[in-house]
Amino acid sequence: MVTVTSSFSGQNRPGVPPRLPTPPTGWPIGSYGTYEEAQRAVDFLADDDFPVQEVTIVGVDLMLVERVTGRLTWGRVLGTGAASGAWFGLFVGVLLSLFNTTPGSSLGPIVAGLVVGIAFGLIFAAVGYGSARGKRDFQSASQLVAGRYDVLCQPRSAERGRDLLAKLAMRPSDAGKAGKD
């Protein structure tokens, strides 16, 4: 019998994440309110020579959280556009100057790239902000956050994982950090 595997076969290899979206498998060995706590639990398991390649952290009850970071004004939009364009223009100018064969004129492409980059940055920022017509006059940052984080483990190691995480839960939180320093 010949077994054929491909990226579409759905067969998972140990220690290699699946290529296609796949529901997590395993038994729950811990549940935590923050990702940092779940990460600390897996780190604790790794420190105890636990086979962490059998562990999965699963975010449950996902939420998209958009935190407003400030108000947008024409000045802020144009300033950000100019700065962004300047960086890109500077990058292109430096690249062009590296391939410039004319001696003593390496500064010309850099200055030209910078000026053109600022101009295009201003134009694109103004067009983008102006086309919104005041419908979004704020900046924000989005995060995908879970209500809780479950740590799952393959059944063959789940009992040992639960026992180790029970020991972690009995330790004061500061003592776990002090042992790492």
Side-chain angles (χ1 to χ4, degrees), residues 5-13 15-26 28 30-43 46 52-53 55-153 173 177:
T5 60
S6 75
S7 58
F8 301 106
S9 69
Q11 294 194 0
N12 297 330
R13 291 174 287 169
V16 178
R19 292 179 186 221
L20 297 174
T22 307
T25 60
S31 188
Y32 302 92
T34 66
Y35 180 76
E36 184 181 28
E37 292 171 328
Q39 196 175 20
R40 179 176 172 247
V42 174
D43 189 42
V52 290
Q53 65 274 12
V55 173
T56 305
I57 299 175
V58 180
V60 180
D61 298 330
L62 296 180
M63 301 172 266
L64 179 64
V65 179
E66 184 175 12
R67 291 186 171 82
V68 176
T69 58
R71 185 173 186 272
L72 277 182
T73 62
W74 274 105
R76 179 175 270 179
V77 168
L78 294 177
T80 303
S84 176
W87 278 113
F88 185 71
L90 187 63
F91 173 71
V92 170
V94 167
L95 283 179
L96 290 175
S97 72
L98 292 175
F99 297 107
N100 189 3
T101 57
T102 309
S105 64
S106 62
L107 198 58
I110 294 174
V111 172
L114 188 63
V115 170
V116 170
I118 289 172
F120 275 104
L122 285 169
I123 291 168
F124 284 123
V127 168
Y129 185 63
S131 68
R133 294 190 178 114
K135 291 181 183 168
R136 188 173 169 94
D137 284 340
F138 62 92
Q139 287 179 305
S140 64
S142 296
Q143 286 182 312
L144 194 59
V145 181
R148 75 172 193 274
Y149 297 87
D150 291 342
V151 177
L152 306 181
C153 180
S173 61
K177 293 175 186 169

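Note that the coordinates shown come from a computational prediction; the quantities given were computed from them, not determined experimentally.
Here the closest heavy-atom approach between residue Leu62 and residue Ala146 is recorded as CD2-CB, 3.8 Å. When every heavy atom of Ala41 is checked against every heavy atom of Tyr32, the shortest pair comes out as CB-OH, 3.4 Å. Pro24 and Thr56 get closest at one heavy-atom pair: CB-CG2, 4.3 Å. In terms of heavy-atom proximity, Val42 sits nearest to Val151 at CG2-CG1, 4.2 Å. Pro109 and Leu96 get closest at one heavy-atom pair: CB-CB, 3.9 Å.
For Thr80, the side-chain contact (heavy atoms from CB on, under 4.5 Å) partners are Arg76, not counting sequence neighbours. Every residue two or more places apart in sequence or in another chain that forms a salt bridge (charged side-chain N to carboxylate O under 4.0 Å, His left out) with Arg136 is listed here: Glu66. Every residue two or more places apart in sequence or in another chain that forms a side-chain contact (heavy atoms from CB on, under 4.5 Å) with Val60 is listed here: Val58, Arg148, Asp150. Residues that satisfy the side-chain hydrogen bond (donor to acceptor under 3.5 Å, both in side chains) test with Glu37, not counting sequence neighbours, are Thr34.
Summarising the geometry, atom CG belonging to Leu90 is positioned 10.0 Å from atom CG belonging to Leu95; distances are rounded to the nearest 0.5 Å.
Shown here is Trp74, whose CH2 atom has more than 12 heavy atoms of other residues, nucleotides or ligands within 6.0 Å. Within 6.0 Å of CZ in Phe138 there are more than 12 heavy atoms belonging to other residues, nucleotides or ligands.
Legend: side chain to side chain donor-acceptor pair (under 3.5 Å) pairs involving residues 89-99, not counting sequence neighbours: none detected.
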Side-chain donor-acceptor contacts of residues 114-129 below 3.5 Å, not counting sequence neighbours, with atom names and distances?
residue	atom	partner	partner atom	Å
Tyr129	OH	Leu72	O	3.4
Tyr129	OH	Asp137	OD1	2.9

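Remark: aromatic rings of Tyr35 and Tyr149 are close, center separation under 6.0 Å.
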